[in-house]
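Just so we're on the same page: letters track the sequence lines, and every chain starts at 1.
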Amino acid sequence: MYKSTGFISFFLRRFTGLVLVLYLGVHMWVIGAATKGAETFNARLEVFESPVLKILEILLLAAVLYHGFDGIRLIIVHYFDVTDYRKSLFYAAFATSALLTIVGGIPLLLYALEMLS
Amino acid sequence: MVNRSFEGQSVTVRIQRFNPEVDKKPHLDEFILTLEPGTTILDTLREIKNEQDGSLTYRRSCRHAICGSCAMNINGKNMLACNQPLNDHLDRKGRITIRPLPYQPIIKDLVVDRSAFWEQYQRVKPWLIPPEDIPEKEFCMSPEEVEALKNAEKCIMCGACYASCQVIGLNKRYIGPHALLKAFQRVLDPRDSAPGERLADVAGDDGVFRCHSIFNCIDACPKELNPTQAIETLRKLAQKRQAFEAQRRERQKSLIEPTPTRTAERSGV
Amino acid sequence: MRIFIIQRISAIALVVFLSLHMIVVHYPPGHLDFSRVLERLADPLWKAIDIAFLAAVLFHALAGTYAVLTDIERVTPLKRILAGILVVLGIIGVAYGTFTILSFQPPASLSAVH
């Protein structure tokens, strides 16, 4: 495929979108346990308390943040003529989502490391 | 690519070749030549064809960026070959890679089948649909209205934008940035009396709502046109189609007669 | 066209809902379990917010999936079937999710869900 920042943005947006749809399914399955009572619910939540899955949660956070900020970027593109800033906008969205992933991911990482020790 | 000048030195030109009578799939051929000052990529192709391999096939005509024939993929980006100095596109080792425009079937070497490109262009009815009343002398468009069309009129139909669009890569039914830019030109033209119909045509499943703002078209265009912005404008207008059409009918009433400012100017007020 | 517009609207709604969700559910420290969720969802306002959130997410996710798949040329002729499947999935999702959210009732209360 033709390589460019626009393509990377497009591809990542789609990829994170699909990842999030799959995650939605899992999330709904876990929360759905509420109809079966508190014990089943807590048991399903426990599955996700493993260190590996906590690390995956950081990736999930990255996906949500990237998809969200790229989406906001798209809405800006829709309402304003950003031709001159198109690359800067992409970098800004990417940088913001990376920064917030680190901010939100550090507590998760620490929690995971705590679980390992 | 690099600021260094390779003038007077050996450069390596890698060209994608494909001869349907002989090859199973495309492959890269390498040609070495000495770079003369002021050589464009098109000059280089001609030199290779004349002196090294007469079977090299490519499209070209005007060689000064107006006919749109020589658009090709240079080092991964689409551009015209005739207005690009070879030196500007050499990497540190003095190499350049030339391939045909992507996302279209290859006929031979650097020549691709552009029928899908032209079909989509025809699809948007790229001609003026005039109103029933035609003025005796001229349509009195305002300077702003003429200015709004200027960009889209410069399009030379080279296909660089079309072949850079990933949406086209995924789906040949997408109308394409080239045709949508032309549709934009017609929709904004106050002389055109079918903006509602045009907007309905491009607002379908294969039209303006398929654009994902990837922006490759702007990067590729040799005339620095802006299909993405044209498509965004069409998206906004498509949502207010009926109001826009009513506005057009109003405008066309005064288009046939001179506008008050012009009459004032003529009488020297 | 309408899908495009509602996709954008649901996107903006999700930015709001999701931020709220992250701050209220995942930011406070401490272990997340049924009783903590129950604390929040006992309030009917939170139930309503979560149901609206669910509807917005399902619309955005399924419309997005539709867009991604119909971009591929081979899928385009099947788009009506695809739309049908996604609509059904959406209805099931909203129904299942709403039922789940409404089931977060404190055990001490004997009042019925409806």
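No more than 12 heavy atoms of other residues, nucleotides or ligands sit less than 6.0 Å from atom CZ of Phe15(A). Around atom CZ of Phe4(C), more than 12 heavy atoms belonging to other residues, nucleotides or ligands sit under 6.0 Å away.
Residue Ile101(C): no heavy atom, backbone or side chain, is found under 4.5 Å from chain A. Only the side chain of Val15(C) comes within contact range of chain A, with at least one heavy atom under 4.5 Å from a heavy atom of that chain. Contact of Glu39(A) with chain C is not made at all, since no heavy-atom distance falls under 4.5 Å. Of the two parts of Leu74(A), the backbone and the side chain both hold a non-hydrogen atom closer than 4.5 Å to a non-hydrogen atom of chain C. For Leu18(A), the part lying near chain C is the side chain, with the backbone staying farther off; criterion is any non-hydrogen pair under 4.5 Å.
Nearest heavy atoms, Tyr96(C) versus Trp29(A): OH-O, 4.4 Å.
Listed in order of number, the residues of residues 40-48 of chain C that approach chain A to under 4.5 Å between heavy atoms amount to none.
Checked options Thr100(C), Leu54(C), Val57(C); the residue passing with Met28(A) is Leu54(C) (criterion: side-chain contact (heavy atoms from CB on, under 4.5 Å)).
Under the 30°/60° scheme for interplanar angles, the aromatic rings of His27(A) and His21(C) are found to be tilted.
The CG atom of Leu58(C) lies 5.5 Å from the CG atom of Leu24(A); values are rounded to the nearest 0.5 Å.
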Check: Can you list the steps and then say if Arg8(C) with Tyr79(A) is a side-chain contact (heavy atoms from CB on, under 4.5 Å)?
Finding: CA-CA 12 Å; Arg8(C) 296 277 154 117; Tyr79(A) 286 107; 5.9 Å; no

